[in-house]
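Counting starts at 1 for both ligands and their atoms, following the listed order. Everything quoted here is computed from the prediction, not taken from an experiment.
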Amino acid sequence: MKSSHLTLGEFIIENQKHYKSTTGEFTRLISSIKLAAKVVNYKVNKAGLVNILGEAGFTNIQGEHQQKLDIYANKVFMETLINREIVCGIASEEEDEFITIKGKHETNENKYVVLMDPLDGSSNIDVNVSVGTIFSIYRRVTPIGTPVDEMDFLQRGNQQVAAGYVVYGTSTMLVLTSGNGVNGFTLNPAIGSFYLSHPNMKFPKNGKIYSINEGNYVHFPQGVKDYLKYCQEEKEDRPYTSRYIGSLVSDFHRNMIKGGIYIYPTSTKNPKGKLRLLYECNPMAFLAEQANGSASDGYQRILNIKPTELHQRVPFFCGSKKMVLKAEEFMAKYPEDAKYNEEELAEKK
Ligand code: AHM
Ligand code: MG
């Protein structure tokens with residue numbers, strides 16, 4: 001079968017054949033995410049037409065304004081996963097606590113937990129700029145049949161079974177890894193199916209795009225300032241191009257195709273960074289590594305960080321391997337800046 005004729009469903013089934021002891025649970029889980037993504041896609045694309053734009057008047061746990069579509073997307077993903085009883089727990093950027101999913105008879109025999117950012121970059125919706133959904137899947141560590149525990153969610157990113165994102169862009173794509181490379185599927189809206197359009201996606205080893213909110217420059221740590229100066233220098237293949245959408249999924253997607261680095265560092269305004277380890281950085285880091293890229297907090301591999309809380313934030317440097325390495329070289333000159341989460345670790349001890 002030609003790759004372009006392969007749907008996401010068929011692709012998963014074909015690839016499941018390679019795993020022994022498969023129960024079909026994973027296939028059903030991805031198919032639920034796919035379904036929820038199609039529902040959200042429909043709504044996102046109608047956003048200009050219906051009265052769904054604007055802030056809903058609530059704030060999430062981080063005190064940020066939630067847009068109506070955030071709430072909608074959260075509800076759709078939650079309900080789809082809960083109603084189909086295919087996971088035992090869910091944690092979402094939009095929920096204060098994780099959700100335990102009970103089975104019909106109060107027991108739940110499922111082994112996966114899902115963590116997600118249902119609609120990332122939602123401040124872009126009002127201006128018709130691409131947004132995305134990010135998800136991350138782990139096998140629970142507590143016994144099957146018992147209620148899930150926080151430790152099922154606070155696993156290192158290197159334990160992820162699968163991760164992916166949906167970008168609601170000029171076309172809608174679902175990009176997925178289950179630890180065997182990264183594949184991109186484009187939604188054919190006429191038929192409602194995702195087709196394999198970008199098999200085996202890879203970051204170019206090096207790139208010429210840097211993506212960062214430079215408006216925060218004065219608040220950045222010195223290592224980041226030095227790296228930015230390096231990007232702007234007239235030398236060798238530099239200056240690089242600056243491209244920042246302000247929508248992680250879209251910035252990542254472009255950089256994976258063209259070669260580049262995305263940075264959301266610590267700053268005096270956000271001393272631990274802005275992005276969340278569990279809902280944003282870990283899944284994107286898993287995808288990046290599976291696509292020959294790299295992801296770091298400036299000093300260490302994102303996927304090795306031991307999470308201490310659900311809504312933990314970390315600085316994020318992600319993209320083409322050589323660019324991330326270079327940024328780390330600049331950061332290494334300021335080792336004291338690696339201690340951004342020390343106080344939190346001390347509190348946990
Ligand atoms: P969100 O989860 O509240 O949407 O925030 C995450 C987003 C990322 O998609 C994006 O890269 C970043 O925040 C933009 O932040 P800023 O406006 O500070 O540059
Ligand atoms: Mg987000």
**Complete:** Candidates Asp251, Asn213, Ile263; heavy atom nearest atom 17 (O) of ligand 1 found on Asn213
**Asked** Rounded to 10 degrees, what angle sits at the Mg ion (ligand 2) between Asp120 OD1 and Asp117 OD2?
**Response** 90°
**Request:** Answer yes or no: does an N/O atom from Leu275 fall short of 3.5 Å to an N/O atom of ligand 1?
**Result:** no
**Item:** Metal-centred angle, the Mg ion (ligand 2) as apex - OE2 of Glu280, OE1 of Glu93, 10° resolution
**Value:** 80°
**Fill in**
Note: Asn216, heavy atoms under 4.0 Å from ligand 1, region reported as neither
**Request:** Mark up the atoms of ligand 1 that fall under 4.0 Å of a heavy atom belonging to Glu280, in ascending order.
**Result:** 2 (O), 6 (C)
**Message:** Centroid separation under 6.0 Å, is that true for the rings of Tyr165 and Phe135?
**Reply:** no
**Request:** Would you please test Phe98 and Phe153 for ring pair (Phe, Tyr, Trp, His ring centres under 6.0 Å) and show each step?
**Result:** CA-CA 8 Å; Phe98 65 82; Phe153 299 93; 4.8 Å; yes
**Message:** Between Arg28 and Glu25, does any side-chain N to carboxylate O distance fall below 4.0 Å?
**Reply:** no
**Request:** Enumerate the atoms of ligand 1 whose separation from the nearest heavy atom of Ser122 is less than 4.0 angstrom.
**Result:** 4 (O)
**Asked** Hey, would you say the His198 and Phe185 ring centroids sit under 6.0 Å apart?
**Response** no
**Heavy-atom donor-acceptor pair, Thr177 side chain to Gln290 backbone, under 3.5 Å** = no
**Request:** For ligand 1, note which part of Leu248 has a heavy atom under 4.0 Å away: side chain, backbone, both or neither.
**Result:** both
**Prompt:** When the aromatic ring centroids of Phe252 and Phe203 are compared, is their separation below 6.0 Å?
**Reply:** yes
**Tyr264, Phe316, Phe252, Tyr244: member with heavy atom nearest to atom 18 (O) of ligand 1** = Tyr264
**Request:** Could you tell me whether Glu289 and Arg301 have a side-chain N and a carboxylate O separated by less than 4.0 Å?
**Result:** yes
**Prompt:** Does the gap between the ring centers of Tyr230 and Phe330 come in under 6.0 Å?
**Reply:** yes
**Item:** Enumerated ligand 1 atoms positioned under 4.0 Å from heavy atoms of Arg276
**Value:** 2 (O), 5 (O)
**Prompt:** What are the atoms of ligand 1, with element, lying closer than 4.0 Å to any heavy atom of Asp117?
**Reply:** 2 (O)
**Message:** Looking at non-hydrogen atoms alone, which of Asp120, Ile212, Asp70, Asn124 comes nearest to atom 1 (P) of ligand 1?
**Reply:** Asp120
**Prompt:** Against heavy atoms of Glu93, which atoms of ligand 1 measure under 4.0 Å?
**Reply:** 2 (O)
**Prompt:** Would Tyr279 count as a contact of ligand 1 if the rule is a heavy atom under 4.0 Å away?
**Reply:** no
**Message:** Could you measure the distance from the CG atom of Asp297 to the CG atom of Asp337? Nearest 0.5 Å is fine.
**Reply:** 11.0 Å
